[in-house]
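Following: one structure in structure tokens, then a few remarks.
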Protein chains: 2
Amino acid sequence: MASYTQEELTGMVQEAGLRVTGHRLAVLGYLSKVKNPVTVYELVDALRKKDNIDQATVYRNLASLHEAGLLRRLDFNHGHAHYELETGRASHQLVCSNCETIEKIEGISIDDTVKKMLKKSKKFKQTTTHSMEIYGLCKNCA
Amino acid sequence: MASYTQEELTGMVQEAGLRVTGHRLAVLGYLSKVKNPVTVYELVDALRKKDNIDQATVYRNLASLHEAGLLRRLDFNHGHAHYELETGRASHQLVCSNCETIEKIEGISIDDTVKKMLKKSKKFKQTTTHSMEIYGLCKNCA
DNA sequence: GTATTAATGCAAATAACTTGCATTTTATAA
DNA sequence: TTATAAAATGCAAGTTATTTGCATTAATAC
Ligand SMILES: [Mn+2]
Ligand SMILES: [Mn+2]
Ligand SMILES: [Zn+2]
Ligand SMILES: [Zn+2]
């Protein structure tokens with residue numbers, strides 16, 4: 001998707017105040033190549049081969065990168081986490097309530113809606129870059 | 001929130017094709033009284049006292065009621081599920097990315113946005129009643 | 001280079017949720 | 001009513017996703 005160069009990824013990690021390690025770059029590199037949010041299982045499975053990385057390390061890197069604001073975590077009611085690169089732009093997806101199908105939808109804005117919600121809110125004064133998941137039934141499950 | 005009578009809850013369970021049991025009514029009854037989506041832990045803790053209900057039973061009842069369309073399940077990236085009564089109307093909330101604060105926002109509609117998303121979608125042709133979670137930072141965490 | 005501190009692997013632990021099985025209960029039919 | 005079949009329940013044990021402890025290794029700063 002975003003597909004950054006190794007140098008760009010290195011810069012991102014450094015600016016986040018994290019140490020540059022092969023594993024950390026491998027995690028970021030993988031996430032920069034896929035188009036849908038990725039499960040930890042998929043990441044572990046993909047990286048174990050070439051990078052001989054342990055799952056604990058994957059989890060720890062996901063946590064540190066997420067903490068640093070480089071990743072977004074999404075849930076989809078699947079009982080496990082998914083991650084994608086934090087692009088700074090909002091992330092919108094349709095999610096099937098029945099199967100694990102999701103679809104990212106690009107090119108819409110809900111800034112007005114978010115503004116309205118904030119106006120009604122007592123506990124929130126602002127949102128950072130947001131994500132929105134709309135649940136429904138995919139064509140297959142409908 | 002909705003606060004149904006025992007008779008109404010019984011009718012809902014029957015129309016869903018499920019058997020009417022004390023535990024099942026207790027789960028529904030509890031959910032009808034709270035205003036925010038409830039964790040399984042909270043439910044087990046609350047019902048164990050007066051109803052002497054096992055957690056396996058709570059999980060099984062939540063699953064059957066959800067399956068039957070009487071409940072909505074929400075995740076909020078907390079690593080555990082939350083449930084609320086399915087009212088048939090959309091459910092919108094602001095969710096803190098940092099702590100476990102959530103806030104339900106009533107009285108807004110995103111039907112137009114959903115329509116736009118569906119128009120752009122390849123995998124979805126319709127949504128049922130939807131839920132939307134907007135992530136940001138609550139006042140406390142901002 | 002050396003020191004400091006973070007990252008890693010591996011195994012064990014925890015949290016959330018599920019399942020097997022023997023025993024009630026419920027709904028339905030006689 | 002009473003009998004019957006199917007679903008619900010408790011309790012213990014099992015899974016899956018994720019986290020943690022600890023000894024070792026590697027990355028940055030001086
Ligand atoms: Mn998934
Ligand atoms: Mn929660
Ligand atoms: Zn589906
Ligand atoms: Zn917060």
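We name chains A, B, ... by the order of the sequence lines, and we start the count at 1 in each one.
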Between [atom2] of [N] and [atom1] of [X], the distance in whole Å:
X      : N       : atom1 : atom2 : result
Q14(B) : dT26(C) : CD    : P     : 13 Å
L62(B) : dA16(C) : CG    : C1'   : 13 Å
H66(B) : dT18(C) : NE2   : P     : 12 Å

State, to the nearest 10°, the angle formed by the axis through the first five base pairs of the helix from dG1(C)-dC30(D) to dA30(C)-dT1(D) and the axis through its last five. 40°
Does the side chain of Y135(A) reach to within under 4.5 Å of the side chain of M132(B), using non-hydrogen atoms? no
Can a side-chain donor-acceptor contact be found between S91(B) and Q93(B) if the only test is distance below 3.5 angstrom? yes
S131(A)-E133(A) side chain donor-acceptor pair, cut-off 3.5 Å: yes
Under 3.5 Å, sequence neighbours excluded: what are the donor-acceptor pairs made by side chains of residues 6-18 of chain A?
unit_1 : atom_1 : unit_2 : atom_2 : d
E8(A)  : OE1    : T5(A)  : N      : 2.8
E8(A)  : OE1    : T5(A)  : OG1    : 3.4
T10(A) : OG1    : Q6(A)  : O      : 2.8

Does R72(A) use its side chain to pair, donor to acceptor, with the backbone of H130(A) at less than 3.5 Å? yes
Does L94(B) offer a backbone N or O that forms a donor-acceptor pair with the side chain of E103(B) under 3.5 Å? no
Assess whether a salt bridge exists between R73(B) and E84(B), defined as any Lys/Arg side-chain N lying under 4.0 Å from an Asp/Glu carboxylate O. no
Reading nucleotides 8-19 of chain D 5' to 3', which nucleotides get B (base under 4.0 Å from a protein heavy atom), which S (sugar-phosphate only), which -? SBBB-----SBB
Answer yes if the ring centres of H80(B) and Y41(B) are under 6.0 angstrom apart, and no otherwise. no
Listing request: all side chain to side chain donor-acceptor pair (under 3.5 Å) pairs with a residue in residues 50-61 of chain B, at least two apart in sequence or in separate chains. R24(B)-N61(B)
Tracing side-chain contacts under 4.5 Å among Ile, Leu, Val, Met, Phe, Trp and Tyr outward from L137(A) reaches none
Can you name the atoms? Protein N/O to nucleotides 28-30 of chain C N/O, anything below 3.5 Å, with the distance.
none

